[in-house]
Amino acid sequence: MVIFSIITAALAPGLSLLTFLYLKDKYEAEPIHMVLKVFLVGILLVIPIMVLQRGVEIWLGDSSFVMAFIQSSSVEEFIKWFVLFHLIYNHVEFDEPYDGILYAGAISLGFATTENLLYSIFMPADLSAMLMRAMLPVSGHMLFGIVMGYYLGRAKFSNSKRNNLHLILSLLLPIILHGLYDWIIVWRENDWLIAIIPFMALLWLFGLSKMKSAHVKSPFRYVRPKDEVNL
């Protein structure tokens, strides 16, 4: 019963946030099986990412900068970006800017949920610690994914000479934001919570603004629903 409670507490934040992103898809809802497929891919990425991170640690050491900006953020965000780009970018279901946010959020939450589950099993924590992880690392991964997906959507649908810039930003900005998150925790070892709360608040505002902007740019925004057309 205790194990079941731990697993449920570890899975709930990621699944809840994934539901939140899915329900925010206003104009052209994605097939649930596609979203779950990408979420599952995120789960499967945990093992190769852990192997690469161990290799980086052996090669470059475990200094604070290496751990925050290379071992953690660069490896995790690059692998997620690389897989997402080849899996979704040219897929027929990626047909509006918000889809990039949804799928990037799904792959990020798949990874974060598994990471949270492993943490809960191997480093048992009380309810307050689990709640803290839901509010910080799990939601943090989702927000990094939102930024990644927003700029992937801009790269695909903006039809401008800045498409390559948007593609670069879809990788670079999540790496920087993720690195800053980890750097704050490492740098402010004893009072990191004081610094991380305003950082996360700003990150939430930034992420929500990108979601709103993606909806504004949707080609389906002014298309009437099919049931209205058939009336």
Checklist entry - Should we say atom CD1 of I47 is surrounded by more than 12 heavy atoms from elsewhere, each under 6.0 Å from it? => result no
Under 3.5 Å: donor-acceptor pair, side chain of [X], backbone of [Y]:
{"X": "H86", "Y": "F82", "answer": "yes"}
{"X": "D99", "Y": "D95", "answer": "yes"}
{"X": "T114", "Y": "G110", "answer": "yes"}
{"X": "K217", "Y": "P97", "answer": "no"}
{"X": "S213", "Y": "S209", "answer": "no"}
{"X": "S72", "Y": "A68", "answer": "no"}
{"X": "S108", "Y": "G105", "answer": "no"}

Taking atom [atom1] of [X] and atom [atom2] of [Y], what is their separation to the nearest 0.5 Å?
{"X": "L173", "Y": "H166", "atom1": "CG", "atom2": "NE2", "value": "10.5 Å"}
{"X": "H141", "Y": "N116", "atom1": "NE2", "atom2": "CG", "value": "9.5 Å"}
{"X": "L87", "Y": "K80", "atom1": "CG", "atom2": "NZ", "value": "14.5 Å"}
{"X": "L23", "Y": "L18", "atom1": "CG", "atom2": "CG", "value": "9.5 Å"}
{"X": "M148", "Y": "K210", "atom1": "CE", "atom2": "NZ", "value": "15.0 Å"}
{"X": "I49", "Y": "E115", "atom1": "CD1", "atom2": "CD", "value": "9.0 Å"}

Same hydrophobic cluster for [X] and [Y], using side-chain heavy-atom links shorter than 4.5 Å among ILVMFWY?
{"X": "L36", "Y": "L11", "value": "yes"}
{"X": "M142", "Y": "I32", "value": "yes"}
{"X": "L205", "Y": "V216", "value": "no"}
{"X": "L202", "Y": "F199", "value": "no"}
{"X": "Y181", "Y": "I197", "value": "yes"}

Checklist entry - F144 and S73: side chain to side chain contact (heavy atoms under 4.5 Å, CB included), yes or no, with the steps? => result CA-CA 10 Å; F144 307 144; S73 67; over 6 Å; no
If every non-hydrogen atom of [X] is compared with every non-hydrogen atom of [Y], which pair is closest and at what distance?
{"X": "V138", "Y": "L109", "value": "O-CD2, 3.8 Å"}
{"X": "I101", "Y": "M211", "value": "CD1-CA, 3.8 Å"}
{"X": "D25", "Y": "E28", "value": "OD2-O, 3.1 Å"}
{"X": "L167", "Y": "L152", "value": "CD1-CD2, 3.7 Å"}
{"X": "E77", "Y": "L171", "value": "O-CD1, 3.9 Å"}

When you compare the side chain of [Y] with that of [X], does any pair of heavy atoms fall below 4.5 Å?
{"X": "S139", "Y": "L17", "value": "yes"}
{"X": "L60", "Y": "Q71", "value": "no"}
{"X": "M50", "Y": "V46", "value": "yes"}
{"X": "R154", "Y": "Y150", "value": "yes"}
{"X": "L143", "Y": "V147", "value": "no"}
{"X": "Y27", "Y": "P219", "value": "no"}
{"X": "I146", "Y": "L208", "value": "no"}
{"X": "S218", "Y": "K26", "value": "no"}

Next on the checklist: Apply side chain to side chain contact (heavy atoms under 4.5 Å, CB included) to residues L84 and V41 and explain how you reach the verdict.
Outcome noted: CA-CA 9 Å; L84 187 70; V41 170; over 6 Å; no
Next on the checklist: According to ring pair (Phe, Tyr, Trp, His ring centres under 6.0 Å), who are the partners of Y98, at least two apart in sequence or on a separate chain?
Outcome noted: H215
Item to check | Test ring pair (Phe, Tyr, Trp, His ring centres under 6.0 Å) applied to F69 - qualifying residues, sequence neighbours left out | outcome: F65
Checklist entry - In a check of side chain to side chain contact (heavy atoms under 4.5 Å, CB included) between I107 and each of I43, L45, I79, which one passes? => result L45
Any donor-acceptor pair under 3.5 Å linking the side-chain atoms of [Y] with those of [X]?
{"X": "E30", "Y": "Y103", "result": "yes"}
{"X": "N163", "Y": "S158", "result": "yes"}
{"X": "Q53", "Y": "E76", "result": "yes"}
{"X": "S170", "Y": "W81", "result": "yes"}

Checklist entry - What about the rings of F94 and F157, do their centers lie closer together than 6.0 Å? => result yes
Checklist entry - Would D182 and M67 satisfy side chain to side chain contact (heavy atoms under 4.5 Å, CB included), going step by step from the backbone distance to the final call? => result CA-CA 8 Å; D182 289 336; M67 188 186 72; 5.7 Å; no
Next on the checklist: Under the criterion side chain to side chain contact (heavy atoms under 4.5 Å, CB included), I'd like the reasoning laid out for L21 against K24: C-alpha separation, chi angles, the key distance, then a yes or no.
Outcome noted: CA-CA 5 Å; L21 288 180; K24 284 292 184 179; 5.7 Å; no
